[in-house]
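Throughout, protein chains are lettered first and strands after them, A, B, ... in sequence-line order, and every chain is numbered starting at 1.
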Number of protein chains: 2
Amino acid sequence: MKNLLYLKDDHIKDFIEQIFYAYRETYSDPKKILKKYSFGTAHHRAIHLIERYEGITISGLLNKLKITKQSLNRVLRDLIKNKSIIVKKGEIDSRQRHIFLNEKGKKLFNEIFLEQKKRIHNALKNLDSDSVLKFKNVLSKIINE
Amino acid sequence: MKNLLYLKDDHIKDFIEQIFYAYRETYSDPKKILKKYSFGTAHHRAIHLIERYEGITISGLLNKLKITKQSLNRVLRDLIKNKSIIVKKGEIDSRQRHIFLNEKGKKLFNEIFLEQKKRIHNALKNLDSDSVLKFKNVLSKIINE
DNA sequence: TATTTTGGGTCAGTTATATTGACATATCTA
DNA sequence: TAGATATGTCAATATAACTGACCCAAAATA
């Protein structure tokens with residue numbers, strides 16, 4: 001930290017508060033859409049990761065979501081029943097399950113993403129690329145630790 | 001947006017994912033401390049705001065937390081019972097209730113904050129002040145919309 | 001002053017999402 | 001073949017939210 005001004009406790013408290021708002025708002029936007037399908041934010045998070053990491057395994061999802069497999073299972077059961085995802089046995093290791101969005105899931109993801117995109121797009125549209133890069137960098141440092 | 005590269009969908013999807021991780025990690029750190037007091041993250045969020053906005057009213061808290069008053073009431077009852085907060089009638093408008101941390105609440109807040117601070121401090125310690133300012137700026141734009 | 005609105009409190013029931021703990025099964029690895 | 005790994009499932013419980021229906025007191029206003 002080259003400038004201690006930005007490390008004062010009040011600044012850090014502000015960050016903690018703002019990170020909460022940013023998360024809440026970003027994940028609130030698509031709730032009406034999810035409700036149409038009788039899904040919630042837990043389903044949303046799973047769908048998001050399955051889209052981002054095509055073919056992700058159960059343990060892969062568990063590592064990213066950091067929930068128990070019982071919790072994840074409820075969510076995946078709903079998504080399978082709804083035909084939004086398909087699960088394939090691993091070819092190399094047939095114990096593993098690889099998860100994919102199918103057509104219905106892709107449509108749902110796109111609907112959800114369109115809602116979320118608005119907020120991020122609006123936030124970034126008048127910013128220079130340096131701001132965006134630095135935002136991403138700080139965010140990743142907060143996550144990694 | 002002066003450089004469209006940073007507005008590509010995949011970048012926005014990354015942000016959405018990273019905002020989730022940042023929130024989850026930041027609010028996971030103090031969970032062991034909260035558990036000692038039989039509190040959860042709902043109590044944590046309330047305490048945080050009461051510390052930041054000393055004397056905040058019930059409706060003030062409701063506006064920031066965006067939960068129902070029934071939900072908030074459960075949390076505040078626990079905090080009052082535990083003697084972490086005190087509630088005072090408004091002098092100008094005696095319908096209002098102003099909420100304050102008392103000594104016990106301040107100690108609890110500090111314990112919680114110390115845990116959370118580590119993560120943010122570590123993230124920022126090797127960054128220049130420009131990064132920190134730009135991070136804050138983007139975050140506030142995401143919130144405001 | 002009479003009426004309406006606002007700020008807050010509460011009861012009751014329900015939903016969403018997560019937890020712990022105990023097992024079961026199939027498959028891979030040493 | 002024995003043990004570890006990946007996954008699935010049953011049951012009970014916890015946490016944090018919700019909806020809806022009321023209530024009271026105090027402030028604002030017609």
Would Ile50(A) and Tyr53(A) show up in the same hydrophobic cluster when neighbours are defined by side-chain heavy atoms closer than 4.5 Å? yes
Reading DNA chain D from 5' onward, which residue's closest nucleotide shows up sooner: Leu62(A) or Lys66(B)? Leu62(A)
Distance-minimising heavy-atom pair for Ala123(A) and Lys141(B): O-CD, 3.5 Å
Grouping I, L, V, M, F, W and Y whenever their side-chain heavy atoms are under 4.5 Å apart, do Leu79(A) and Leu65(A) come out in a common cluster? yes
Taking all heavy atoms of Lys106(A) and all of Leu101(A), pick out the closest pair and write down the distance. CE-O, 3.8 Å
Contacts of type ring pair (Phe, Tyr, Trp, His ring centres under 6.0 Å), residue Phe20(A), not counting sequence neighbours: none
Partners meeting ring pair (Phe, Tyr, Trp, His ring centres under 6.0 Å) with Tyr21(B) (sequence neighbours left out): none
Tell me, please, which residues at least two apart from His98(A) pass ring pair (Phe, Tyr, Trp, His ring centres under 6.0 Å). none
Expected rows: protein N/O vs nucleotides 1-3 of chain D N/O, under 3.5 Å:
none

Qualifying salt bridge (charged side-chain N to carboxylate O under 4.0 Å, His left out) pairs with a residue from residues 80-91 of chain A, counting only residues at least two apart or across chains: none
Just jot down the side chain to side chain contact (heavy atoms under 4.5 Å, CB included) partners of Leu34(A), sequence neighbours excluded, or say none. Phe39(A), His44(A), Ile112(A)
Between Ile143(A) and Ala22(B), the two heavy atoms sitting closest are CG1-N, 3.9 Å
With a strict under 4.0 Å distance from non-hydrogen atoms of chain B, what nucleotide opens and what nucleotide closes the contacted stretch of DNA chain C, reading 5' to 3'? dT6(C) to dC11(C)
Out of curiosity, does Ile58(B) fall in the hydrophobic cluster containing Ile86(B) (side-chain heavy atoms, cut-off under 4.5 Å, transitive links)? no
Run the side-chain donor-acceptor check on residues 71-78 of chain B: report pairs under 3.5 Å with partners two or more places apart or on a different chain.
from: Ser71(B); atom 1: OG; to: Thr68(B); atom 2: OG1; distance (Å): 3.2
from: Asp78(B); atom 1: OD2; to: His43(B); atom 2: NE2; distance (Å): 2.8

Applying a strict under-4.5 Å side-chain criterion to I, L, V, M, F, W and Y, I'd like to know whether Ile67(B) and Ile80(B) cluster together. yes
When the rotation axes relating C1' atoms of four end pairs to the next four are compared across the helix from dT1(C)-dA30(D) to dA30(C)-dT1(D), five pairs an end, they differ to 10° by 30°
Run the side chain to side chain contact (heavy atoms under 4.5 Å, CB included) test against Lys117(B) and tell me which residues pass, sequence neighbours left out. Asp9(A), Ile12(A), Phe113(B)
Take nucleotides 25-30 of chain D nucleotide by nucleotide from the 5' end and write B, S or -, depending on whether a protein heavy atom sits under 4.0 Å from the base, only from the sugar-phosphate, or from neither. -BS---
Starting at the 5' end of nucleotides 8-16 of chain D, put B wherever the base has a protein heavy atom under 4.0 Å, S where only the sugar-phosphate does, and a dash everywhere else. BBB-----S
Test applied, side-chain hydrogen bond (donor to acceptor under 3.5 Å, both in side chains); reference residue, Lys13(B); option that passes from Gln116(A), Glu51(A), His48(A): Glu51(A)
